[in-house]
Amino acid sequence: MPALACVDAAVPPPGYAFPTTWDGSLPVPEPFSGSTPDTGLHPTSPWSTDLSASLYNVDGWGAPYFYINSAGNMSVRPHGAATLPHQQLDLMKVVKKATEPKSAGGLGLPLPLIVRFPDVLRDRLESLNAAFEFAVQANGYGSHYQGVYPVKCNQDRYIVEDLVEFGAPFRFGLEAGSKPELLLAMSCLTKGSPDAFLVCNGYKDEEYVALALISRTIGINTVIVLEQEEELDTVIETSRRVGVKPVIGLRAKLRTKHSGHFGSTSGEKGKFGLTTSQILSVVSKLRQVEMLDCLQLLHFHIGSQIPNTALLADGVSEAAQIYCELTRLGASMRVIDVGGGLGIDYDGTRSGGSDLSVGYGLDEYAATVVHAVRYVCDQKGVRHPVLCSESGRALVSHHSVLIFEAFSASQPASLELRQNLAYYLDQLTDDARADYRNLMASAVQGDYDTCNVYAEQLKKRCAEQFKDGMLGLEHLAAVDDLCELVAREIGAPKPVREYHINLSLFTSIPDLWAIGQLFPILPIHHLDQRPGVDGVLLDLTCDSDGKVDRFIDGRSSLPLHELGSIEGGGYYLGMFLGGAYQEALGGLHNLFGGPSVVRVSQSDGPHCFTVTRAVPGASCADVLRAMQHEPELMFDSLKRRIEEYSLGDSKACAISHAFYSMPYLVYGTHLSGDGMVSDSEGSSGVTEEGSGYDDDDDEWDMMRCLSV
């Protein structure tokens, strides 16, 4: 018997009767006005990995590094387009290796997990340099390109060291914007090319300038870039005191800027840089102190995510004119640093109309820069300068993938009728019963717009009466069930489901919350199967902003698979193109720390990869220390209280282990009698390619001893 027939077969509402010819089912609905756009998820059509690739636009944002393999898993081409078939890396195999317990041959790392691919990092760097080398040759350019990596994008030690190593043949250097960044850049560049630049940006005090000058005495090619006019006095005075002649650059505020969020850092009202009058003042002062020959570099920044090459050419041309003017004024100019701005196509549309995409690739970017500088310099008869860029986002975004698990999901309303549904509906007030009768009449007559109006009116009226104490919870539930049944009968779109993810957005994807930045997110397996659910993602934090309900294709939901249909483990999703800024900007909201990290290189072994480094995420003790708590003292006070209550050593052991574990949820592991994860399956301290637990931590050894 149809669902709605059951409602009124029990107790027909007073004063209303259905047509005697009605069998309880509703008419076949016309196209529903409130339906979501067609996504191609027709339940009767066959499914394939190609359809998944199209649905999530993997080929748009992922090429040439990410694709869906024949098993339905996301895979990585570590060498880009040059990757051979046997070198492709199945992301699910990497996750399995990282997360399975050591007893099963894994590394025992808890989720969430960041997977780094240094081979992708190398390919990005080589591709950037190849693009500029081709543009230099094609344009007959009289100098060369040597870029720098702005370490603010991701200060991870191994990323910076990799870029210095991979970039040595290209004289590739680093950019620093603070004293700690300057120290790490100085240290790393001792192993890099002696010709590589160390570009010093950001606000500077005497100590910052002194460090930069000292770096020149140890063979590092350091340039101090003036962001503010008053910094020049500090540079001059400190250089005299230290006895080191500086190489100086200046950052110009261009008139050129672009719209959108990232354009706010450019133009005449930008945060950094010198106006034309300030530039002339700097030149005049350097001439007075006979240091004009120290001025050798011009830096500018149009803004991150430059959307198109027309805007890029406009800004570079303006900067090249300033460069030529500085040369005319007597400065020993030799470098133009075009700053950041080389964008990432986050949504795969290759369009220049939003912050999510750019309308060019590496080759077009390089060609535009080279051509614009050459044209202006040739007009002015100025020698072609060395070209430098600070293309951090473009270098590191692709090499990192964030993996996290969906551990539960909201369930759709049951198709089964609640017991005594008709009884509770019959107990509604007269005005609510009138709405109920109008709702049923509109549904039977196929007047679906009116049906929706009455459904909302009925729920709103009953909610107000519940607040006044006139109705009970059973009545509200009965009304909700009725409206859900009517919605299904009239063909309303299925409600979006909520998938709960073992992640903190504030820690791992802070730009999504802070500035609305979107990243490609999709399941990393089961992509050979049809996704039957539209869902949004809710994180672990106690914050209503901890939700992903906007996605790169303009959707307000993400096609997902039913959790109940997943066999053989959890349901894993990946966030891609997030290698820049997210880790450095992440916070400790609700004291959720950073994810575990593995570093995976392509190899010729049976699984095509080698884990060269594995580190668990921050433990509960780590995040507590970050907020000035002392875990050892906390444990000691708790242990004394346990002894006072004579609860036994097992309780103290459980608390000790909780301090040692990551703050995230743990599933599928062995639990002790205290409900705590056992040591055999708990948080790992792996630090090098399966080397085991980090038992050298004296503090935790002490705490474990205390709990015995």
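Numbering of residues begins at 1 and proceeds along the displayed sequence.
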How about [X] and [Y]: does a side-chain donor come under 3.5 Å of a side-chain acceptor?
X	Y	value
N129	Q146	no
N57	D553	no
E325	Q321	no
E229	S281	yes
Q305	D355	no
E175	N201	yes
T610	T612	no

Side-chain contact test, heavy atoms from C-beta onward, threshold under 4.5 Å: evaluate it for [X] versus [Y] and give yes or no.
X	Y	value
Y158	R116	no
R77	L89	no
L326	I279	yes
V358	I344	no
L113	V597	no
L226	R251	no
F132	H144	no
V386	I336	no

key: Residue of the set V235, V282, L297 for which side-chain contact (heavy atoms from CB on, under 4.5 Å) holds with I248   = V235
Strictly distance-based, threshold 3.5 Å: is any side-chain N or O of [X] a donor or acceptor partner for the main-chain N or O of [Y]?
X	Y	value
D345	R350	yes
S317	D314	no
E318	R255	yes
Q137	F134	no
R122	F117	no
S508	L505	no
Q87	T83	no
S54	D50	no
W61	L577	no
H371	T368	no

message = Is the distance between the ring centroids of H398 and Y65 under 6.0 Å?
response = yes
query = Taking the six-membered ring where the residue is Trp, are the ring centres of F576 and F519 under 6.0 Å apart?
reply = no
ask   = For S603 and C608, what are the C-alpha separation, side-chain angles and deciding distance, and is it a side chain to side chain contact (heavy atoms under 4.5 Å, CB included)?
value = CA-CA 5 Å; S603 71; C608 302; 5.8 Å; no
What distance do [X] atom [atom1] and [Y] atom [atom2] have between them, rounded to the nearest 0.5 Å?
X	Y	atom1	atom2	result
S75	D90	OG	CG	4.5 Å
S332	Q296	OG	CD	6.0 Å
L295	L286	CG	CG	6.0 Å
R374	N139	CZ	CG	5.5 Å
C377	R383	SG	CZ	10.5 Å
E133	L128	CD	CG	12.0 Å

Considering non-hydrogen atoms only, spot the tightest contact between [X] and [Y] and give its length.
X	Y	result
S239	L213	CA-CD1, 3.5 Å
A252	I322	CB-CD1, 4.1 Å
A131	D363	CB-OD1, 3.3 Å
Y149	F172	N-CE2, 3.6 Å
P194	N221	O-CB, 3.9 Å
V136	S143	CG1-O, 3.5 Å

inquiry  = Show, in sequence, the C-alpha distance, side-chain angles and deciding distance for Q602 and F609, and conclude whether the side chain to side chain contact (heavy atoms under 4.5 Å, CB included) test is met.
reply    = CA-CA 4 Å; Q602 185 268 322; F609 69 86; 5.9 Å; no
task = Test F551 against D347 for side chain to side chain contact (heavy atoms under 4.5 Å, CB included), laying out the working first.
result = CA-CA 9 Å; F551 301 90; D347 63 8; over 6 Å; no
query = With R599, which of D156, D119, D162 fulfils salt bridge (charged side-chain N to carboxylate O under 4.0 Å, His left out)?
reply = D162
Can you confirm whether more than 12 heavy atoms, excluding those of [X], are under 6.0 Å from its [atom1] atom?
X	atom1	answer
E290	CD	no
R550	CZ	no
Y67	OH	yes

key: D378/H384 under side-chain hydrogen bond (donor to acceptor under 3.5 Å, both in side chains): CA gap, chis, key distance, verdict   = CA-CA 8 Å; D378 286 351; H384 297 169; 2.7 Å; yes
ask   = So which pairs with a foot in residues 276-285 pass salt bridge (Lys or Arg N to Asp or Glu O under 4.0 Å), sequence neighbours left out?
value = D233-K285
Where at least one partner belongs to residues 202-216, residue pairs that pass side chain to side chain donor-acceptor pair (under 3.5 Å), sequence neighbours excluded = K179-D205, K179-E207, K204-E231, E206-R241, S215-T222
task = Would you check, one step at a time, whether the test side-chain hydrogen bond (donor to acceptor under 3.5 Å, both in side chains) holds for Q582 with D511?
result = CA-CA 7 Å; Q582 303 316 296; D511 270 349; 2.8 Å; yes
request  = Please report the C-alpha distance between K253 and E227 in whole Å, then the side-chain angles of each, then the deciding distance to 0.1 Å, and finally whether the salt bridge (Lys or Arg N to Asp or Glu O under 4.0 Å) criterion is met.
outcome  = CA-CA 10 Å; K253 282 186 179 180; E227 304 273 9; over 6 Å; no
query = Going through the distances and angles, do C388 and Y145 end up as a side chain to side chain contact (heavy atoms under 4.5 Å, CB included)?
reply = CA-CA 6 Å; C388 178; Y145 167 80; 5.6 Å; no
message = If the condition is side chain to side chain contact (heavy atoms under 4.5 Å, CB included), which residues does A196 pass it with, not counting sequence neighbours?
response = L189, S193
